[in-house]
Amino acid sequence: MQYEGTVIRPPSEWNSIILQVTVGCSHNRCTFCGAYRDKQFRIKKQAEIEQDLEFAAQYCRRQRTVFLADGDALVIPHQRMVLLFKAIRQQLPWMRRISLYANCRDILARTTEQLAQLKELGLGRIYMGLESGHDPTLAAVKKGANAAEMIKAGQRVRRAGIFLSVTCLLGLGGRQHSLAHAAATAELLCAMQPSQIAILTLMILNNTELAARQQSGGFIMPDQKELFTELRTLVAGLEGIRAQFQANHASNYFSLDGRLPRDKNKFLAIIDRACSGEMLLKTENQRAL
Ligand code: SF4
């Protein structure tokens, strides 16, 4: 397979064939994200993708899922995407699921019918970086979408019958908006009804605009206790939602993993133990992105 630069995939795609169909992220403006800073965005040429598909057809016969990299593969124009999905089905007929990262703009650029067409062709899962449901926070980090657009995009994916996994980022509102960010994110998730919620904790990377803001005093990271209170506010606000809930990413100080609504009280009890200092937490050195 011909990969350009570091290729990032969701943890649950560890056993997937990673087919890099785009390079970088077409948005590439989020102030906290350093993932694709060194990559000039482009959609890969058909011939390059076909070569990788031929390689996968020969050497990846044990894998059953495909993940389309990089940061927002859904940016590929619809008709070209349909042809790509058909090519995957033809070359790798044993595939059970195709997944990709998509941002709000690229989801809203498609109709429910177009998403349903991709679902028919194998698109089983979309990973969407929500980060926050709080409009001032979304604007401050230059996410490129507001809460109402995020809800619309998420609901469209669910209406098309596609599994929707969304990530939320603790700490992103800074100390100033910590609790408002948590409460608005919970409210948005209740309206959106994703299939899976994944919680990460902000780690400020040196190569980002957010690091510069922090150094100039324009952004203050909540401390550990404030982050746990933020998480508690978010979980407490998740009412009437049926979803997988994971806060077991390497960036978090402790793990939560289960289903809502079943495990909500268990989650709250664990967070309370973390708040009161009764739990063994990861050290800063043990955290990672
Ligand atoms: S967070 Fe997502 S949309 Fe924003 S720059 Fe990074 S990859 Fe692109």
Side-chain angles (χ1 to χ4, degrees), residues 3-13 16 18-44 67-76 81 99-110 125-154 156-157 164-174 177 181 184-185 188-189 192 194 196-214 219 221 249-252 288-289:
Y3 295 125
E4 279 186 37
T6 310
V7 175
I8 297 166
R9 52 138 183 92
S12 47
E13 300 291 333
S16 296
I18 309 296
L19 188 64
Q20 190 183 33
V21 293
T22 61
V23 176
C25 165
S26 64
H27 180 59
N28 215 13
R29 279 194 212 116
C30 300
T31 63
F32 58 90
C33 175
Y36 304 109
R37 292 279 156 186
D38 57 340
K39 288 185 178 180
Q40 177 73 40
F41 175 76
R42 71 181 179 90
I43 298 172
K44 277 192 165 180
F67 178 75
L68 303 181
D70 278 339
D72 61 339
L74 202 64
V75 74
I76 295 174
M81 198 69 152
S99 309
L100 45 74
Y101 285 129
N103 66 32
C104 181
R105 180 200 60 200
D106 296 329
I107 294 169
L108 291 179
R110 280 186 166 78
R125 184 172 290 206
I126 288 182
Y127 298 92
M128 177 183 171
L130 166 67
E131 329 305 357
S132 177
H134 183 238
D135 275 335
T137 297
L138 288 169
V141 302
K142 302 184 182 169
K143 189 65 199 170
N146 62 29
E149 290 164 331
M150 292 283 197
I151 293 170
K152 202 168 160 192
R156 194 171 294 180
V157 172
L164 174 65
S165 176
V166 297
T167 51
C168 307
L169 204 43
L170 292 180
L172 196 63
H177 294 303
H181 157 59
T185 303
L188 184 151
L189 290 167
M192 183 192 271
Q196 181 180 43
I197 300 164
I199 307 289
L200 283 70
T201 302
L202 178 65
M203 295 181 76
I204 301 181
L205 302 171
N206 287 335
N207 65 341
T208 59
E209 201 179 322
L210 190 59
R213 272 197 68 208
Q214 186 187 37
F219 181 86
M221 184 72 192
H249 187 264
S251 61
N252 296 327
L289 279 176

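Counting starts at 1 for both ligands and their atoms, following the listed order.
Under 2.8 Å from atom 6 (Fe) of ligand 1, one finds the following protein N/O/S atoms: C33 SG.
No side-chain donor-acceptor contact under 3.5 Å links R37 to the backbone of T208.
Applying the 4.0 Å criterion to heavy atoms of K143 picks out, from ligand 1, the atoms 1 (S), 2 (Fe), 3 (S), 4 (Fe).
Listed by chain and residue number, nothing satisfies the salt bridge (charged side-chain N to carboxylate O under 4.0 Å, His left out) test with K44 (two or more places apart in sequence, or in another chain).
Each of S99, S165, S12 was compared with Y127 under the side chain to side chain donor-acceptor pair (under 3.5 Å) criterion, and only S12 meets it.
Side-chain polar atoms of H249 and S251 form a donor-acceptor pair below 3.5 angstrom.
In this structure, D70 CG and T6 OG1 are separated by 9.5 Å, a value rounded to the nearest 0.5 Å. Here the CD atom belonging to E149 is positioned 11.0 Å from the CG atom belonging to N103, to the nearest 0.5 angstrom.
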